[in-house]
> 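Next up is a structure, given as structure tokens.
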There are 2 protein chains.
Amino acid sequence: MDAHLRELRYFVATAEESTVTAAAARLFVSQPALSKQLRALERRLGFDLFERLPRGLTLTSQGSVLLPVAREVLAAWDRGYAEARAAAHPNQLVVGMQTAVGRDLQRPAVERFRATLPGWTVSLRLVGWDDPTAGLADGTSDVAFVWLPISADFATRVLITEPRWVALPAHHPLADRPSVPFELLLDEPFVALPATAGPLRDFWLAVDARPGPPVVAAEATAADEVLELVTAGVGIALLAEGNTGLYQRPGLVCRPVPDLPPAELAVAWRRTDNRDAVRAFLDSVQP
Amino acid sequence: MDAHLRELRYFVATAEESTVTAAAARLFVSQPALSKQLRALERRLGFDLFERLPRGLTLTSQGSVLLPVAREVLAAWDRGYAEARAAAHPNQLVVGMQTAVGRDLQRPAVERFRATLPGWTVSLRLVGWDDPTAGLADGTSDVAFVWLPISADFATRVLITEPRWVALPAHHPLADRPSVPFELLLDEPFVALPATAGPLRDFWLAVDARPGPPVVAAEATAADEVLELVTAGVGIALLAEGNTGLYQRPGLVCRPVPDLPPAELAVAWRRTDNRDAVRAFLDSVQP
DNA sequence: CGCATCCATAACCAACGGTTATACCAACAG
DNA sequence: CTGTTGGTATAACCGTTGGTTATGGATGCG
């Protein structure tokens with residue numbers, strides 16, 4: 001009985017969410033599609049993986065046997081695929097970045113890295129915000145500069161902690177104040193990260209600091225897009241203090257939001273990735 | 001990048017055969033189908049697995065990284081799938097048999113096993129010769145009585161060594177002789193096991209004892225089929241001495257073939273299967 | 001009861017995985 | 001040089017699969 005690895009991912013996600021609907025949302029497929037896939041998998045396996053209860057699913061005994069196997073298979077494949085891709089560019093370390101980091105972080109890091117491992121080359125990769133792991137998840141990056149929070153599959157080391165500011169169109173009524181308490185922004189329409197960004201989207205909408213759900217006026221997958229939309233008056237957006245200087249433009253003003261917890265910029269890597277080059281790069285970032 | 005486990009089997013088989021054509025034959029698909037699948041896999045992976053040479057293929061560096069991973073993934077899945085199936089029938093041991101064993105082997109074995117593990121039940125499963133592992137390979141059996149040779153994935157213990165005989169239609173010119181040297185059978189049409197039986201098919205055609213290829217008149221997947229075909233005069237067939245009594249019928253005669261190496265009947269199990277129940281059954285077969 | 005939640009089915013469509021037939025290419029024999 | 005052999009890739013075709021939206025149906029709850 002051969003399965004598609006996609007089916008195993010479906011199985012694992014559904015077991016973790018314990019409802020088809022929630023798992024389907026997480027997997028970005030429709031609920032019927034997932035339902036059908038699981039049924040088909042069970043039919044081909046010859047036994048049920050889940051028991052259907054009125055409120056969600058539970059694993060059958062066979063399902064609980066197969067769940068760790070599915071996890072193991074997927075982990076082995078993901079690791080192996082990343083390894084194979086790395087084999088194409090031996091002695092090359094790919095550094096992913098969600099947004100131009102600035103702050104004079106990566107330049108000295110790359111220099112120190114080159115000094116430690118002379119045979120190696122470093123390539124920088126700019127990734128949109130639709131992938132909050134900046135390529136770590138799909139193996140297209142080896143290390144990455146990311147904003148927290150990030151999935152627990154990755155290890156991180158915080159580099160910088162910065163207050164969050166808000167970007168407003170110059171003509172906005174709040175633009176006159178020297179600083180803006182978040183309370184005044186509760187009902188403002190926001191420019192948000194795409195849904196694929198997961199918890200990171202919530203962080204930059206500051207959902208933890210809200211009594212209700214945010215108003216999302218638009219989505220954007222890159223910093224320029226966001227600021228374009230803000231300048232146009234479509235919505236407003238939070239950003240890190242260090243980025244306010246980076247993205248200055250006419251028609252746009254940035255103000256601190258003093259009562260929000262700060263943002264954390266970190267360097268991240270795959271928890272299972274123990275290569276010397278990765279370790280060396282980490283040491284180079286913060287010597 | 002998610003792959004189908006079938007694609008990984010295709011990849012492994014092709015790497016082992018090192019030509020698409022040979023691998024396609026082994027996998028029982030057409031050569032273009034396999035070629036297309038491999039191409040599609042490479043396209044989705046983003047790198048080539050093979051280098052195409054005028055005479056067959058060799059692995060690229062990425063292919064050689066991915067090959068052991070693919071093997072590992074497939075092994076993990078096959079093992080897990082078998083475990084999950086076993087979870088449906090806890091405390092049940094499935095004994096596969098290629099053909100009714102007779103020889104008073106399995107009856108006392110089952111009795112002794114029941115005595116050692118009282119909580120367990122034993123179920124006997126009769127499997128056609130199209131699966132020379134009698135269900136071990138696909139996990140539908142836990143232990144099996146099989147004729148050697150068998151794939152090295154399985155451990156075996158030889159139980160009985162028996163001379164090979166030949167089954168002939170009663171009117172056959174050689175039927176008058178008390179014994180038949182194999183040399184006289186070289187040009188006779190044979191009833192063979194199906195191609196899926198692999199090396200076992202060759203063994204019962206005695207290809208090792210031939211200067212050229214055998215003449216195959218028909219294929220059969222069960223003992224009765226074979227003897228039916230032999231009685232009808234379609235072809236002749238080799239069989240183990242102990243089976244000559246089992247399958248006596250009018251119009252059929254069996255004669256020893258003294259110059260062939262004997263056949264070996266063994267009990268087999270999955271090399272990786274260390275369960276107590278399996279060990280207990282093995283001890284019960286030959287105390 | 002009426003409503004919300006969640007799974008399954010139906011109907012439909014694009015993409016996939018297989019088939020056979022055939023083109024193509026490199027090596028080799030005559 | 002040319003025909004043959006041994007191999008891979010492409011073309012055309014077709015049933016199945018995997019996805020979509022719309023809808024039905026069961027269950028628990030205010």
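Values below: all heavy atoms of this structure, side chains included; hydrogens, waters and symmetry mates excluded. Naming: A, B, ... by sequence-line order, numbering from 1 per chain. From a predicted model like this one, the values you see are computed outputs, not experimental measurements.
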> Rounded to whole Å, please give me the gap between CG in Asp2(B) and P in dC16(C).
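To the nearest whole Å, that distance equals 14 Å.
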> Check the surroundings of atom CD in Glu183(B): do more than 12 heavy atoms from other residues, nucleotides or ligands lie under 6.0 Å from it?
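Atom CD in Glu183(B) is not crowded, with 12 or fewer foreign heavy atoms closer than 6.0 Å.
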> Between Trp129(B) and Trp204(B) (judged by ring centroids, cut-off 6.0 Å), do the two rings come close enough to count as a pair?
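No; Trp204(B) has its ring centre 6.0 Å or more from that of Trp129(B).
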> Answer whether the closest heavy-atom distance between the side chains of Glu72(B) and Trp77(A) falls below 4.5 Å.
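In short, these two side chains do not touch, never coming nearer than 4.5 Å.
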> Calculate the interatomic distance between Leu53(A) atom CG and dA8(C) atom P; express it in whole Å.
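Value for this atom pair: 11 Å.
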> Please tabulate, one pair per line, all N/O donor-acceptor pairs under 3.5 Å involving side-chain atoms of residues 6-14 of chain B, not counting sequence neighbours.
unit_1   : atom_1 : unit_2   : atom_2 : d
Glu7(B)  : OE1    : His4(B)  : N      : 2.8
Glu7(B)  : OE1    : Arg44(B) : NH2    : 2.9
Glu7(B)  : OE2    : Arg44(B) : NH1    : 3.2
Glu7(B)  : OE2    : Arg44(B) : NH2    : 3.2
Arg9(B)  : NE     : Asp2(A)  : OD1    : 2.7
Arg9(B)  : NE     : Asp2(A)  : OD2    : 2.8
Arg9(B)  : NH1    : Asp78(B) : OD2    : 3.4
Arg9(B)  : NH2    : Asp2(A)  : OD1    : 2.6
Arg9(B)  : NH2    : Asp78(B) : OD1    : 2.9
Thr14(B) : OG1    : Tyr10(B) : O      : 2.7

> For the pair made of CZ in Arg43(B) and C1' in dG17(C), what is the distance, rounded to whole Å?
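In whole Å, dG17(C) C1' and Arg43(B) CZ are 13 Å from each other.
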> Using a 4.0 Å heavy-atom cut-off across all strands, classify Thr21(B) as base, sugar-phosphate, or nothing.
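If one applies the 4.0 Å heavy-atom cut-off, Thr21(B) turns out to touch a base.
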> Check this one for me: any side-chain N or O of Arg39(A) less than 4.0 Å away from OP1 or OP2 of dC7(C)?
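Result: no.
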> Whole angstrom is fine here: how far is it from OH in Tyr10(A) over to P in dC7(C)?
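The distance from OH of Tyr10(A) to P of dC7(C) comes to 16 Å, rounded to the nearest Å.
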> Looking at residues 27-38 of chain A, who's got a heavy atom less than 4.0 Å off DNA chain D?
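Residues of residues 27-38 of chain A under 4.0 Å from DNA chain D: Val29(A), Ser30(A), Pro32(A), Ala33(A), Lys36(A), Gln37(A).
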> So, does Asp202(B) use its side chain to make a donor-acceptor pair with the main chain of Val207(B) at under 3.5 Å?
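Here the side-chain-to-backbone pair does not exist.
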> Go through the steps to decide whether Thr196(A) and Phe28(A) satisfy the test side-chain contact (heavy atoms from CB on, under 4.5 Å), and finish with yes or no.
CA-CA 9 Å; Thr196(A) 48; Phe28(A) 300 103; 3.8 Å; yes
> Within 45° of the axis and under 6.0 Å from the centre of the six-membered ring of Phe182(A), does NZ or CZ of Arg210(A) qualify?
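No, Arg210(A) and Phe182(A) do not form such a contact.
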> Answer yes or no for Arg85(A) and Tyr81(A): cation-pi contact, defined as NZ/CZ to six-membered ring centre under 6.0 Å and angle to ring axis within 45°.
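So Arg85(A) does make the cation-pi contact.
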> Going 5' to 3' along DNA chain D, which are the first and last nucleotides with any atom under 4.0 Å from a heavy atom of chain A?
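The footprint of chain A covers dG18(D) to dG28(D).
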> Which sits closer to the 5' end of DNA chain C, His4(A) or Ser18(A), going by the nucleotide each is nearest to?
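Going by which nucleotide is closer to the 5' end, it is Ser18(A).
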